[in-house]
Amino acid sequence: MSSSARKSPPPPCAIVIFGANGDLTRRLIVPALYNLSRTGLLPPRFSLIGVDHNDRSTDEWRGKIHEFLEEQVGNSGEGALKKVDDKLWSPIADAMSFLKGDFTRDETYADLKKRLAECDKAKDLGGNVLFYMATADRFFPVIAQKLGESGLVDMKECKGFRRLIVEKPFGHDLESAKSLNACLLKYLREDQIFRIDHFLGKETVQNIMALRFANGLFEPIWNRDRIDHVQITVAESIGVGTRGKFYEGTGALRDMVPNHLFQLVAMTAMEPPVSFDAEDVRAKKAEIFKAVHPLTLADVVRGQYDAGAVGADNVPAYRAEDRVAPDSTTETYVALRLTIDNWRWAGVPFYLRTGKRLKARSTEIAIRFKRAPHALFRDTPMGELDADWLIARIQPDEGIRLRFNAKRPGQAMALESVAMDFKYKDYFKQAPSVGYETLIYDCLTGDTTLFQRADQVESAWGVVEPILEGWADSNPRQFPNYAAGSEGPVAANDLLARDGRSWRAIR
Ligand code: BG6
């Protein structure tokens, strides 16, 4: 990222995608490259090598990818023609070549080495290579190992940069995350590794830093003296769709909490870094996970959706979804209460919740300030006299809202909670970027600020580890416990009610 305006294209390089025929490549990576082409931020010379195990010619690969891109652009509602613009697509199309290879075999890496040398010779890429692991996570260790053993990421042997993007999920628990880190760090240096959490690419998430640190207004009140509590919601209205098999072994906690939700916690809670240098920012974020008070099962509520209606659509229960066990105990919802044991946040609870098939898609960070201390308005019913809220809306309707009390017109001194709104699309006349192009650009330019460091990932897993262990020993008996289209299980309300608080409505 991020403190300076982005103007210059990255240096020439080769981009190697492992998992070239996979969902991620066509749904996110290639569209991100297309968006970089639109903003003139593709490398001036580059090769795009797709590696996968299927038999496919370069023409076939290019054709398939183009088809998907056409579909996405067509559905995006952007542009009058809603067609792929050939001027933007042709630098990508020209750079593409397919390499058939099994990720677990040495020959693949020997072939890749040869292909990279040819591309470098033809296009003068300075030896720069970005490797992208867009495969199932079981291949991450073997790809890292084979890249290492074949000398492809060895900075002593290679000229130019050698970087590796590692997708989510990064491990399954603390132990597996540690072992993946150990494997990566055996072959690569930390600054060669880019662990992606796509939430960090979202402009509205980065905007939290701008809000906090580019304004004199908020930081002085950003602490336990003024803030009552924080609510972080990542609600989804979609179900598991075609990902039943993956989700069965994952669940909402692993899928969303130590990564996406904790990134939002870190952005909200971190101390100001001394600069926007990657290491300064990452060090401040890492401190937060170290300061989280150990969780117990009493701090967490899990849920699983039943059949119900989301908007006008009747939808099935989780247990009736494709490739999901009819008696599945996988959670599709999790709410938790955490506290951060440091000077700024002691005694301020952070309530987190995320779930599928909830009432609406809504991701927000809501900061609730303490009530006015003086009882001037003691005759005003407390229900009406709400405390002030600052709400960072991450998606949809990206923006920031400040809620405060104002006098209702009329003779009586009646109060009402009103809102001041900043909306990205009204102000900047464009939707904020969704993330992947920012992250890929940052990898191409070597900026690690928006990527997770090994210690960060491990401490995040460390925070949820007691819950994973506790749940493993106790199957939930009451599943399913919330209807699709609702706001989640009733028990999640109790988590806040115990503290005399309640969740904001999901809308
Ligand atoms: C992914 C999870 O990492 O994030 C999905 O695996 C989830 O289950 C998705 O739906 C949410 O991302 P976004 O950008 O759509 O909010």
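Heavy atoms only: backbone and side chains are in, while hydrogens, waters and symmetry mates are out. Counting starts at 1 for both ligands and their atoms, in listed order.
Atoms of ligand 1 found under 4.0 Å from any heavy atom of Lys168, numbered from 1 in the order shown, are 1 (C), 2 (C), 3 (O), 6 (O). Within the listing of ligand 1, atoms 13 (P), 14 (O), 16 (O) sit less than 4.0 angstrom from a heavy atom of Lys202. Those atoms of ligand 1 that come under 4.0 Å of a heavy atom in Lys356, given as number and element, are 5 (C), 7 (C), 8 (O), 10 (O).
Closest approach of Phe213 and Pro273 over heavy atoms only: CE1-CD, 3.8 Å.
The N/O atoms of Thr363, backbone and side chain alike, include none that comes under 3.5 Å of an N/O atom in ligand 1. The shortest N/O to N/O separation between Asp255 and ligand 1 falls below 3.5 Å.
Taking a 4.0 Å cut-off on heavy atoms, Phe199 registers as neighbouring ligand 1.
Remark: Asp191 engages Arg189 in a side chain to side chain donor-acceptor pair (under 3.5 Å) (not counting sequence neighbours).
Identified under the salt bridge (charged side-chain N to carboxylate O under 4.0 Å, His left out) test for residues 168-184, with sequence neighbours left out: Lys168-Asp255.
Seen from the ring of Trp389, Arg401 does not count as a face-on cation partner, given the 6.0 Å and 45° thresholds.
Among Arg254, His260, Glu236, the residue whose heavy atom lies nearest to atom 1 (C) of ligand 1 is His260.
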Assess the residue pair His229 and Phe350 against the criterion (ring-ring contact (aromatic ring centres under 6.0 Å, His included)); give the C-alpha distance rounded to whole Å, side-chain angles, the decisive distance to 0.1 Å, and a yes or no. CA-CA 6 Å; His229 74 277; Phe350 281 62; 9.5 Å; no
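Taking 4.0 Å as the cut-off between side-chain N and carboxylate O, Glu279 and Arg453 count as a salt-bridged pair.
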